[in-house]
Amino acid sequence: MLMGPMTMTAVNLLEPSEFTRIFGNVVELAPSIASVLARRRPLRDVQHLINELYSIMDGLSDSDKVDILRRHPDLAGTLAEKGLLTAESTAEQKSAGLDQLTEQQKYDLQRLNKSYRDKFGFPFVICARENKAVAILEGLTRRMINTPQRELATGLGEVKKIARLRVLDLVLA
Ligand SMILES: NC(=O)N[C@H]1NC(=O)NC1=O
């Protein structure tokens with residue numbers, strides 16, 4: 001069903017299971033985050049909802065943060081090529097122009113994604129809606145030299161940006 005953005009009043013009235021279904025992919029493939037968020041209601045407005053979401057993510061253990069990063073598909077990776085991304089991820093990758101890469105750019109991105117994953121043990125995550133393909137390739141090269149602790153924090157920061165934009169698609173500001 002195609003649904004427009006909801007008012008916060010409507011969000012506050014959702015059954016927990018409905019809330020979790022609707023917000024279950026605000027953090028990619030992480031409905032458990034949405035079900036914690038459901039219990040933080042009533043929420044005053046969309047900014048309050050986003051702040052609670054950030055605080056839930058900040059409160060995770062390092063290993064749960066790594067788990068969140070690992071739920072993200074590679075940008076322009078195999079899942080994208082096979083059309084197996086979530087609806088949200090498909091739209092985000094398209095907005096960055098990742099569906100329009102040259103063969104060389106796609107090869108470079110996939111090779112850099114692999115080096116990043118081999119180094120850190122989790123995928124490179126960046127908010128695709130805030131970056132075009134060239135900036136993503138540049139960011140990947142630049143972030144590769146960071147420490148794992150730094151990249152865990154940077155990756156989580158990008159997950160927050162992705163989640164914020166996904167929330168704004170669902171809730172009237
Ligand atoms: N790997 C990665 O950054 N994936 C994500 N980024 C984004 O904006 N949507 C995603 O699925």
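Whatever order the structure lists them in is the order used to number ligands and atoms, beginning at 1.
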Gln149: side chain to side chain donor-acceptor pair (under 3.5 Å) partners, not counting sequence neighbours: Asp62

Counting only heavy atoms not in Lys119 (residues, nucleotides, ligands), do more than 12 fall under 6.0 Å from its NZ? yes

Please tabulate protein-ligand N/O pairs under 3.5 Å for ligand 1, atom names and distances to 0.1 Å.
unit_1, atom_1, unit_2, atom_2, d
ligand 1, 1 (N), Pro73, O, 2.8
ligand 1, 1 (N), Phe124, O, 2.9
ligand 1, 3 (O), Ile126, N, 2.9
ligand 1, 3 (O), Ile126, O, 3.1
ligand 1, 4 (N), Pro73, O, 3.4
ligand 1, 6 (N), Ile126, O, 2.8
ligand 1, 8 (O), Glu92, OE1, 3.4
ligand 1, 8 (O), Ile126, O, 3.4
ligand 1, 8 (O), Ala128, N, 2.8
ligand 1, 9 (N), Glu92, OE1, 2.6
ligand 1, 11 (O), Ser89, OG, 2.5

Just to verify, what does Lys65 make a salt bridge (charged side-chain N to carboxylate O under 4.0 Å, His left out) with, not counting sequence neighbours? none

Let me check something: any side-chain donor-acceptor pairs from residues 153-161 under 3.5 Å, sequence neighbours excluded? List them with distances.
unit_1, atom_1, unit_2, atom_2, d
Thr154, OG1, Arg150, O, 3.0
Glu158, OE1, Cys127, N, 2.8
Glu158, OE2, Lys161, NZ, 2.9
Lys160, NZ, Asp58, OD1, 2.6
Lys160, NZ, Asp58, OD2, 3.3

Are Glu81 and Lys106 ion-paired here, with the side-chain N under 4.0 Å from a carboxylate O? yes

So which heavy atom on Gln93 is nearest to which on Ala76, and how close? OE1-N, 2.8 Å

